[in-house]
Amino acid sequence: MRKKIIAGNWKMNKTPAEAVQLAESLKGSVNSGKADVIFCVPAIDIIPVAKALEGTNIAVGGQNMYFEDSGAFTGEISAKMLLDAGAKYVIIGHSERRQFFAETDETVNKKVLKAIESGIIPIICVGESLTQREQGITVDLVRLQTKIALKDVSAADAANVVIAYEPIWAIGTGKTATSEQAQEVCKAIRDVVGEIYDKNVSEKIRVQYGGSVNAANAAELFAMPDIDGGLVGGASLKAEFEKIVNY
Ligand code: 13P
């Protein structure tokens with residue numbers, strides 16, 4: 001039985017002081033240990049938030065990293081820096097990074113390999129645009145994104161990564177995928193992982209759904225057989241996150 005994993009993606013919100021405040025206000029109510037809970041915070045907030053969460057089961061994650069170890073890459077942050085700051089997870093290939101910061105399937109793969117090598121668990125984001133859904137290519141696209149992201153990842157490492165299916169049309173729009181739509185694609189992701197590796201890996205890997213997850217729809221989504229939790233944007237910045245975690 002896979003343990004649910006519910007991550008808040010705070011995106012570009014909260015100064016360090018505000019982040020500590022939010023972490024303090026949420027930590028008591030999302031710490032039951034029944035699901036893995038992660039706060040993916042802006043890089044500058046990782047150190048203070050990790051400190052605020054000491055003694056809880058809640059982990060901290062980054063929202064991006066670069067695939068080189070160090071060097072002349074102004075503005076970038078390495079996997080080692082994230083780890084040393086207290087992050088256990090890192091979101092890689094979020095659609096906002098693909099859309100606004102030129103992230104590609106190839107850079108996603110390089111970052112995934114570096115994160116794993118460095119001991120950070122990647123949360124790999126895949127998902128289609130509305131046009132792609134209307135063209136009927138959602139499953140093909142997501143299979144391809146998953147295959148490229150996991151290129152050269154060993155079976156043992158793949159079993160530990162997290163994949164987040166986030167249809168772009170559902171992000172920040174209030175338009176959630178139905179639980180059937182989300183299940184169909186999350187299952188397709190698990191199936192392709194089974195094709196690349198084997199049944200053992202596909203049964204272990206955790207697949208999240210993300211896109212307008214809220215207190216009202218979390219329970220139905222997370223009850224689907226291939227949905228192992230959620231990657232939550234807007235609702236992770238509010239007390240509502242407690243209801244999602246304790247669905
Ligand atoms: P919303 O929950 O705000 O739709 O954002 C989803 C998301 O992008 C999480 O990574």
Side-chain angles (χ1 to χ4, degrees), residues 4-14 18-19 22 26 30 35-43 45-46 49 58-65 82 87-101 103 108 111-112 115 120-130 132-133 138 141-142 145-146 149 161-179 181-183 185-186 189 206-222 224 227-247:
K4 295 279 192 235
I5 180 163
I6 299 167
N9 176 6
W10 292 13
K11 307 195 178 181
M12 197 177 74
N13 293 291
K14 305 297 173 189
E18 291 166 347
L22 179 60
L26 287 174
V30 301
D36 288 334
V37 176
I38 309 151
F39 295 167
C40 295
V41 304
D45 297 343
I46 293 173
V49 168
I58 306 162
V60 181
Q63 299 176 4
N64 179 43
M65 52 164 267
L82 287 177
K88 290 202 168 66
Y89 294 83
V90 61
I91 297 172
I92 293 180
H94 192 281
S95 61
E96 287 150 16
R97 293 216 60 87
R98 295 178 192 251
Q99 184 181 353
F100 301 125
F101 303 100
E103 192 86 83
V108 167
K111 291 179 179 190
V112 166
I120 298 209
I121 301 172
I123 300 175
I124 304 165
C125 298
V126 297
E128 83 289 2
S129 66
L130 186 58
Q132 289 163 330
R133 175 157 283 268
T138 297
L141 178 85
V142 166
Q145 289 173 329
T146 305
V161 312
V162 179
I163 298 183
Y165 167 53
E166 296 207 312
I168 297 166
W169 49 270
I171 294 177
T173 57
K175 215 178 152 203
T176 321
T178 65
S179 47
Q181 285 172 325
Q183 162 61 23
V185 183
C186 289
I189 292 168
R206 292 188 288 182
V207 183
Q208 298 174 314
Y209 167 77
S212 299
V213 174
N214 58 40
N217 59 32
E220 188 183 329
L221 285 161
F222 300 169
M224 301 309 278
I227 301 180
D228 304 314
L231 184 55
V232 185
S236 72
L237 296 164
K238 304 188 266 189
E240 183 177 1
F241 192 57
E242 177 209 336
K243 296 208 176 75
I244 295 172
V245 170
N246 300 310
Y247 70 99

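Throughout, residue positions are numbered sequentially from 1 according to the sequence presented. In each ligand, atom 1 is the first atom listed, and ligand 1 is the first ligand listed. Basis for what follows: all heavy atoms, side chains included, without hydrogens, waters or symmetry-related copies.
Applying the salt bridge (charged side-chain N to carboxylate O under 4.0 Å, His left out) criterion to Lys14, with sequence neighbours excluded, gives no partner residue. Residues that satisfy the side-chain contact (heavy atoms from CB on, under 4.5 Å) test with Ser236, not counting sequence neighbours, are Trp10, Val232, Phe241. Listed by chain and number, the residues in a salt bridge (charged side-chain N to carboxylate O under 4.0 Å, His left out) with Lys11 are Glu96 (sequence neighbours excluded).
Within 6.0 Å of NZ in Lys243 there are 12 or fewer heavy atoms belonging to other residues, nucleotides or ligands.
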Which N or O atoms of ligand 1 sit under 3.5 Å from a protein N or O, and how far apart is each pair?
{"unit_1": "ligand 1", "atom_1": "2 (O)", "unit_2": "Ser212", "atom_2": "N", "d": "3.4"}
{"unit_1": "ligand 1", "atom_1": "2 (O)", "unit_2": "Gly233", "atom_2": "N", "d": "2.9"}
{"unit_1": "ligand 1", "atom_1": "3 (O)", "unit_2": "Gly234", "atom_2": "N", "d": "2.8"}
{"unit_1": "ligand 1", "atom_1": "4 (O)", "unit_2": "Gly172", "atom_2": "N", "d": "2.6"}
{"unit_1": "ligand 1", "atom_1": "4 (O)", "unit_2": "Ser212", "atom_2": "N", "d": "2.8"}
{"unit_1": "ligand 1", "atom_1": "5 (O)", "unit_2": "Lys11", "atom_2": "NZ", "d": "3.3"}
{"unit_1": "ligand 1", "atom_1": "8 (O)", "unit_2": "Lys11", "atom_2": "NZ", "d": "2.9"}
{"unit_1": "ligand 1", "atom_1": "8 (O)", "unit_2": "His94", "atom_2": "NE2", "d": "2.8"}
{"unit_1": "ligand 1", "atom_1": "8 (O)", "unit_2": "Glu166", "atom_2": "OE1", "d": "3.4"}
{"unit_1": "ligand 1", "atom_1": "10 (O)", "unit_2": "Asn9", "atom_2": "ND2", "d": "3.0"}
{"unit_1": "ligand 1", "atom_1": "10 (O)", "unit_2": "His94", "atom_2": "NE2", "d": "2.9"}
{"unit_1": "ligand 1", "atom_1": "10 (O)", "unit_2": "Glu166", "atom_2": "OE1", "d": "3.2"}
{"unit_1": "ligand 1", "atom_1": "10 (O)", "unit_2": "Glu166", "atom_2": "OE2", "d": "2.9"}

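No side-chain heavy atom of Met224 sits under 4.5 Å from any side-chain heavy atom of Tyr209. Using a 4.5 Å cut-off on side-chain heavy atoms (C-beta onward), His94 and Gln63 make no contact.
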